[in-house]
Structures are given as C-alpha cells and as structure tokens.
Peer 1: 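My questions will all concern the structure given below.
Because the structure is a prediction, the values reported are computed rather than measured. Within every chain, numbering begins at 1; the chains are lettered A, B, ... in the order of the sequence lines, protein sequences first and strands thereafter.
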Amino acid sequence: MFERFPFGRCFCLFCIWLVLSPCEARAQTKEYQVKAAFLLNFAQFVEWPHAAFSGRDVPLCIGVLGDDPFGPALEQILNGESIGNHKLTIRRAKRIEELTSCQIVFVCSSEHNRIQEILAKLDFHPVVTVSEVADFAKQGGTINFYREQNKVRFEISTASALKSGVKISSQLLRLGKIVEPSPNHK
Amino acid sequence: MPIKQKMTLVILVTCSVVVLLACAAMGGYQIFQFRTRLMRETTVLADVLANNTQAALAFRNENDAKETLRALEAEPYVNSACLYSSDGMLFADYSQLQGKATFPDEPPADGSHFESSSMVVVRPVMLNKKRIGTIFIRASLQEIYDRVKFLGVFTGLVLLGCGLVARTLAVRLQRSISQPIVNLTEAVRALAERSDYTVRLPEQGRNETGSLTAAFNHLLASIGERDKALRGANQSLCQSEAQVQAILENLNDGLIISDLTGQVTSFNRAAMEMHGFTCMHECHQLSEYAKTFELSDLDGTLCPVEQWPLARILRGERLRNLEVKIRHSQGGWRKVFNFGGALIHDSNGQPINAVLTVTDITERHQAQEEIHQLNSQLEIRVQERTRQLEEANKELESFSYSVSHDLRAPLRHVQGYVQLLTVATNGHLSTEAREYLQVISDASDDMGHLIDDLLSFSRTGRTELKTERVRLDELAQESIRVLELANRDRNIVWKIEALPAVLGDRAMLRQVFANLVGNAVKYSRPRDPAVIEIGCAGDEGGRAMLFVRDNGVGFNMKYLPKLFGVFQRLHKASEFEGTGIGLAIVQRIIHRHGGSIRAEAALNQGATFYFTLKLAAPEQALTGRNDELCLA
C-alpha cells in the first residue's frame with residue numbers, strides 16, 4: 001500500500017511529526033491550523049438564512065477581529081475553498097463595524113475585554129461568532145474553542161445561534177459541547 | 001446387464017440429472033439474488049453511515065465516529081466496519097466480535113467485492129463535494145453459506161424422493177418395452193437350443209418389436225428352407241462323395257491328389273499298391289519320395305526331383321501319357337508308370353489342388369520291347385529268306401530255261417525224223433501208220449509251242465527291259481494283221497480306237513497285244529460276227545488305261561483268281577487250244593512295266609481285259625530323253 005501511495009505515506013509521517021513536535025512555536029502553528037480548519041467546517045455545518053447573503057454568488061466572508069493569531073494558516077486552509085456557490089473570503093479588521101456583513105466573525109483574544117460590546121454590535125445579524133476566549137459562548141457568542149486533553153474542542157450556544165437566525169447542523173451540535181448563556185455575563 | 005435393469009438405470013439417471021440440474025439452477029439463482037440484495041443493502045448502509053460521520057470526520061472526533069458506527073449493532077450480518085480519514089489513516093472502527101477485526105492499513109478502492117467468507121463494501125465520505133474519508137464495511141456471508149447448506153440438504157432430499165418415485169415408475173413403465181424384447185430373446189434362445197426352424201414366435205403387435213418378430217419369423221422360414229435344401233444337398237454330396245470314393249478305390253489306375261505345396265492328401269488303393277505302400281501315412285511330402293524312389297525316363301536318364309510329374313503339375317503343366325521308369329531304392333523293384341494329370345481349379349480359376357493319375361504299364365512296356373525285339377529279328381529272317389528264295393528262283397528259272405532249251409533239241413529230232421519218215425515212205429505207208437505219224441507230229445508241235453511259251457515266259461522274267469517310246473497303234477495293227485491272215489475264213493468286226501504312245505519294251509508289249517488280241521479271237525470263235533474292241537479308257541496318274549474286249553464265251557468271275565496263273569485254263573483243250581501260259585506272260589510283262597491288269601467277264605457274254613501303261617511324253621520333248629536312254 002505504501003509503495004503504491006508514497007504521497008500518503010509521506011503525509012502520515014508529516015502529520016505524526018507535526019503532532020509530536022516539541023517545538024512550542026510549531027505547536028502554536030498546529031493549533032491554529034486546526035482552528036482554521038474548524039472555521040471552515042463550521043461554515044459547512046451551519047445554514048444561514050437567505051438574508052445573510054445579498055446574492056447567490058456572493059462570497060462567504062470570514063472576518064477576523066483584532067490581532068490575527070493564525071498567521072498564514074488561515075489563508076493556507078481557506079484559500080480556494082467554497083461552500084455551495086459561495087466562495088470563502090477572509091477579511092481582517094480592528095473594528096467590528098467593518099465586519100457586520102461577514103457570515104462568520106472570529107473574535108481574537110486581543111478583544112477579550114470588549115466581548116459584550118462586540119456582540120451587541122452584531123445582535124440580530126446572521127453572524128456566527130467564534131472565539132478562543134474562554135466562556136465566549138456563555139457570554140452570548142455562538143461558538144468558542146477550548147482545549148481538553150490537548151485537543152481543540154468547542155462549545156456551542158444554541159440560544160445565540162437561534163438569536164442570530166442561523167441553523168446549526170445536528171452533527172455539529174453532537175460534536176460540540178452545548179452551553180447556555182450564563183446570566184451573570186449579561 | 002439385462003435390458004430391464006438397463007432401462008431402469010437409464011430412467012433413473014435421467015431423472016436424477018434433471019432434478020439435480022433444476023435444483024442447482026434454482027439454488028444458484030437464489031444465491032445470486034441474495035448476494036445482489038446483500039450488496040445493495042450493505043451499500044445503502046455504508047452511504048447512510050458515511051453521511052452520519054461527516055462531522056465526526058471533519059472535526060476529527062473519533063469518539064463520535066465510533067458512536068455512530070456502533071449503530072451497526074442493529075445489523076447482525078455486519079461483521080466489522082471502519083472509517084478512514086482523508087489522509088488514509090484508520091480513524092474509527094467497529095467490530096461485532098470485540099477487537100478481533102482486522103482492517104487494511106489503507107482504504108481499498110471504492111466499490112464492493114467478495115472475500116473468502118465475507119463481502120466488503122467501500123464507500124467515500126463526502127462533505128461539500130470533497131472527499132473527507134472512506135467507510136469500510138465487511139459483511140458476513142454466513143447466511144449465504146447457511147442457505148447453500150440448506151439447499152444442498154434440500155436437493156439431496158428431493159433427489160432421494162424423486163429417485164424413489166422414478167424407480168417405482170421406471171420399474172413399472174419399462175416393462176411395456178423390455179418385456180416383449182425379453183420374451184423374444186427367450187424364444188430365440190429356446191429355438192437356438194433345439195435348432196427347430198419350424199417354430200414361429202407369437203405376434204407382438206404393430207410396433208417395432210412386432211415388426212422385429214415378424215421379420216424374425218420370416219427369417220426363420222427362409223433359414224428352414226435353406227436348412228432343408230442344405231441337408232438335401234449335403235446328403236447327395238455325401239452319396240456322390242461315397243460314390244467317388246468307391247470309384248477311386250476300385251479304379252485300376254492310381255490316383256494321387258496333392259495340395260499346392262506338394263503335400264499328398266489322397267492316395268487311392270491302386271496308387272498305394274503300385275508304389276508298394278500298405279497304409280496312408282507312408283505317403284509323405286513330395287520331397288520325401290526322392291529318398292524312396294528313383295525316377296528316370298525311358299532312355300534311362302535320371303529325373304531330378306523338380307522334373308518329377310507332381311512337381312511339373314504344380315508348376316502348372318498339364319501332363320498326358322508321360323512314361324517314366326521308377327525304381328524303389330530299398331525294395332529294388334523296377335516299374336514303368338504312365339503319368340497324367342493337371343491342376344484342379346475352382347470356379348474363379350484359382351488352383352486348389354493337383355491330381356495325378358498313374359497307370360502301371362510295366363507289362364505292356366515289356367511286351368512292347370519283346371515285340372520290338374521280335375520284329376527286328378523277323379526282319380533279318382525275312383531278308384535272309386528272301387535272299388534264299390531269290391537264289392532258288394534264279395536257279396529254278398535257269399533250270400527251267402535249260403530244261404526247255406534242252407527239251408527243244410530232242411523234239412526237233414522227233415519232228416525232223418517224222419518229216420523224213422513221211423517223205424521217205426511217200427505212199428508206202430498204210431493209212432493207219434500215216435495217222436500215227438500225224439499224231440506224233442501234232443503232239444510234238446504242241447510240245448514245241450509249250451516249250452516256246454515256257455521259254456518266252458521265262459525270258460520275260462529275266463531279260464532286261466529296253467524302255468523306249470512305243471506307238472501302240474502300230475502294235476495293235478501288227479497283231480491284227482497276223483491274226484487276220486490266220487483267220488481269213490472267219491467274220492470278225494474290228495473296232496480299233498486311237499491309242500496313245502507309251503513308254504515300254506517294244507518286243508514285250510507286242511507280245512502283250514498278240515496274247516490278248518489272240519485270246520479275244522480264239523474265244524470268240526463261236527460268234528458270227530465276232531466283235532473285238534481295242535481302246536483307251538482314259539488315264540490315271542500318268543498311266544493310260546487300255547482295254548481289249550470281245551464278245552466271246554467269257555468266263556465265270558469266281559475263277560478270276562486262277563485266270564493269270566501259269567498252266568491255269570478255264571476251258572478244255574478240246575474246246576480251245578492253248579498252253580495256259582499266255583495270260584501269265586501278259587501279267588508279268590505289265591507288272592514289270594509297273595502297271596496293273598484286271599479282267600471283267602461273265603459266262604457267254606464276252607470278256608474285257610484292262611491294263612495300264614505309262615504314257616510317253618509328246619514326240620518333240622522325247623528326242624533328248626531317248627538319247628539319254630540310249631546312252632544309259
């Protein structure tokens with residue numbers, strides 16, 4: 001088998017190398033690569049209302065708010081991808097106002113003090129908000145990453161999804177940890 | 001194997017094969033259908049699972065994937081299943097038997113295939129038109145095997161049942177076909193044992209067996225006829241064989257039959273006796289005879305074995321009256337056999353054997369040799385006698401000539417002195433004495449004639465012939481002239497035809513004519529007129545046939561043998577004078593000329609004398625020849 005697919009073999013070795021790499025920077029890069037892939041997957045398992053797109057072939061925009069931690073990973077993974085007819089585009093901004101037309105907004109850790117403010121700006125917009133800030137979903141965001149046993153996991157707030165008018169696939173829901181917005185954050 | 005069993009077997013085998021084929025076809029179809037369905041169902045299952053594991057694969061959530069695969073517990077036929085991620089790594093697995101399943105290290109190609117005891121379905125897991133992984137399901141084929149087993153048992157049972165039914169039916173049904181054949185066979189066997197061709201088989205209906213029986217009956221009838229004819233022929237053959245054997249055994253001639261190699265197959269009794277055999281086994285191969293017998297031809301030249309009669313026949317020769325001397329080497333006897341024989345051919349012309357006939361001609365041969373010897377002795381004796389006779393004859397002739405000649409001298413004395421006495425006693429003698437003298441004179445004249453004739457006869461036998469051309473016309477005229485003078489007082493009518501010229505001694509031929517015409521004149525004396533013919537009655541073989549005929553007293557033909565004898569007379573001397581030598585002289589002369597003479601006559605009806613003489617060539621041609629004769 002290996003002989004027949006030398007490429008696959010190399011790829012496996014590469015993955016193993018990536019996982020076992022002792023280098024912190026490498027681990028960092030790996031983590032963001034995974035998160036970038038997760039972002040793509042979210043786009044695939046979320047259904048936006050028609051109003052979210054101004055046209056049929058309008059690109060699906062992923063906004064990155066704040067200091068971008070992905071490095072080149074985001075472009076590497078998302079470039080050339082599309083969901084249905086919608087081509088994926090990336091938009092980086094410092095201000096949330098510039099990203100209200102995006103379908104997914106990644107709130108970077110740099111913005112962890114302005115969460116409520118940001119969410120308020122996106123209220124009733126069909127936007128899936130994703131962050132790596134702890135308890136982001138409980139604070140009113142849609143999805144937030146967390147680490148468990150050295151693996152990237154995510155929490156989903158169905159309530160905020162419902163509020164923003166997007167439908168999240170049951171498969172996605174089954175994989176994520178469902179959280180309720182905690183009232184103390186309000 | 002008897003036909004009953006054979007037919008039952010045929011039916012059984014046919015039924016079994018048909019049932020077996022039907023069951024196999026049914027089972028095969030079922031199994032095929034089952035497999036197709038299994039594959040379809042498994043494929044559907046795989047597709048459903050692929051759909052349900054999209055997210056798990058996308059988010060690399062192995063637990064979730066395992067959880068999803070565990071739903072396969074509801075399908076007992078699924079042995080095991082697994083998910084491969086898009087990079088080909090084993091992602092999650094499921095096994096009915098805990099942890100015992102093995103999976104390929106890399107996902108196989110999409111589709112489905114059968115392994116030794118299971119079916120494998122491999123389907124892609126797609127997300128957003130992209131392949132994110134592969135699902136692999138291994139389904140057990142145990143159910144198919146169970147089904148095959150069941151079908152096997154089922155087929156066996158059906159076969160058994162069908163076999164039983166078929167056997168029962170076959171045993172009953174084959175009777176209608178086999179029974180007539182069995183009956184026929186038994187009848188034929190019984191018939192063959194008894195050799196009774198008059199028996200007929202019972203009719204069997206209008207099917208093939210029936211026509212077989214009818215044909216057989218017909219065959220029997222013709223065989224019976226032939227058998228009868230054969231017996232008859234055989235009997236007559238035996239009879240004729242016995243007859244031939246009896247003939248062979250009682251034949252005086254020997255008969256030997258041999259085959260084409262020279263091996264003798266039959267010797268009849270005569271042949272065995274001739275060869276000195278006492279029993280048949282003494283007669284061996286041709287080459288064996290060479291040790292026992294010695295054959296040679298009549299000159300005494302020894303025959304080699306390959307020239308022996310049987311060997312020559314075997315080479316294809318046909319022998320007839322081959323006379324051979326045979327000698328027995330040990331027994332020492334010698335015989336002369338007459339061999340004959342040939343090859344015997346059959347109707348196609350091919351030789352089958354050789355037959356040799358033997359006749360013992362030893363006695364005949366001896367007799368012939370004796371006769372031969374006697375003959376040669378006789379010839380010598382005859383020659384000797386002839387010589388003796390010729391000598392005696394010569395002596396006799398010279399004696400008679402000398403006697404006749406010596407008799408003439410005293411007779412002349414007697415005549416002379418009688419004349420002297422008559423002259424001397426002229427008129428003195430008494431008439432009585434003159435008569436006595438006349439008697440003496442007449443008697444001595446007669447004696448003189450007799451002596452003349454005897455001398456003439458003797459001369460004709462001794463004198464050399466002076467052959468020349470003689471014109472018979474002249475001779476005839478001469479003899480007539482002499483006789484006319486002597487018989488002037490008689491009335492004689494002469495009929496003289498033209499006569500040819502012949503070769504002969506003139507003096508002797510003159511005597512022939514003188515004697516014959518003289519006789520004619522003499523014996524026609526009582527006739528008035530006497531008719532005398534001289535002529536030629538044609539010619540035969542270069543000789544003229546001449547005749548002298550008269551109308552005189554003739555003679556009885558029974559005295560013909562005496563006619564030409566010396567001193568033989570058919571009439572008394574008182575009637576017609578003569579010495580009885582004339583015709584003897586004529587015959588001798590004609591014989592000396594190489595001709596023949598004969599007479600035809602009847603009493604008182606005249607006589608005809610025919611004689612032949614050699615014709616002379618025409619005058620011119622003869623001149624040269626005359627010179628030759630003169631020279632000779």
Peer 1: Mark yes when over 12 heavy atoms from residues, nucleotides or ligands other than B:Arg35 sit less than 6.0 Å from its CZ; otherwise mark no.
Peer 2: no
Peer 1: Which atoms of B:Thr68 come close to chain A, meaning under 4.5 Å heavy atom to heavy atom: side chain ones, backbone ones, both, or neither?
Peer 2: side chain
Peer 1: What part of A:Phe38 gets closer than 4.5 Å to chain B, counting heavy atoms only: side chain, backbone, both or neither?
Peer 2: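 Both parts, backbone and side chain.
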Peer 1: With a 4.5 angstrom heavy-atom cut-off, could you sort out which part of B:Glu67 is near chain A: side chain, backbone, both or neither?
Peer 2: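 Contact with chain A involves no heavy atom of B:Glu67 at all.
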Peer 1: Start with the C-alpha gap between A:Gln171 and B:Phe59, add the side-chain angles, then the distance that decides, and say whether side-chain contact (heavy atoms from CB on, under 4.5 Å) holds.
Peer 2: CA-CA 10 Å; A:Gln171 286 198 44; B:Phe59 292 99; over 6 Å; no
Peer 1: So if I take each residue of residues 73-88 of chain A and look for any heavy atom under 4.5 Å from a heavy atom in chain B, which residues do I end up with?
Peer 2: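 Checking residues 73-88 of chain A against chain B gives A:Glu81, A:Ser82, A:Ile83, A:Gly84.
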Peer 1: Which pair of non-hydrogen atoms, one from A:Arg174 and one from B:Asn52, has the smallest distance, and what is that distance?
Peer 2: NH2-O, 3.4 Å
Peer 1: What's the spacing between B:Asn63 CG and A:Leu175 CG if we round to 0.5 Å?
Peer 2: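 It is 10.0 Å, given to the nearest 0.5 Å.
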Peer 1: So for atom CZ, which belongs to B:Phe154, do other residues, nucleotides or ligands contribute more than 12 heavy atoms lying within a distance under 6.0 Å?
Peer 2: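 Counting neighbours around CZ of B:Phe154, 12 or fewer heavy atoms of other residues, nucleotides or ligands fall under 6.0 Å, so no.
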Peer 1: Tell me if the CZ atom of B:Arg37 is crowded by more than 12 foreign heavy atoms within 6.0 Å.
Peer 2: yes
Peer 1: If you count every heavy atom of other residues, nucleotides or ligands that lies below 6.0 Å from A:Arg92 atom CZ, does the total exceed 12?
Peer 2: yes
Peer 1: What pair of heavy atoms forms the shortest contact from A:Phe45 to B:Ala58, and how long is it?
Peer 2: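 Result for this residue pair: CE1-CB, 3.8 Å.
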Peer 1: Going by residue number, which parts of residues 150-162 of chain A are within reach of chain B, meaning a heavy-atom gap below 4.5 Å?
Peer 2: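 Residues of residues 150-162 of chain A touching chain B at under 4.5 Å: A:Arg153, A:Phe154.
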Peer 1: Would you compute the distance between atom CG of A:Asn41 and atom CZ of B:Arg60 and round it to the nearest 0.5 angstrom?
Peer 2: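 Interatomic distance, A:Asn41 CG to B:Arg60 CZ, rounded to 0.5 Å: 9.5 Å.
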Peer 1: Tell me whether the count of non-hydrogen atoms from other residues, nucleotides or ligands lying under 6.0 Å of CD in A:Glu98 goes above 12.
Peer 2: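 Yes, enclosed.
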Peer 1: Tell me if the CZ atom of A:Arg147 is crowded by more than 12 foreign heavy atoms within 6.0 Å.
Peer 2: yes
Peer 1: Checking heavy atoms, do the side chain of B:Lys129, its backbone, both or neither come under 4.5 Å from chain A?
Peer 2: neither
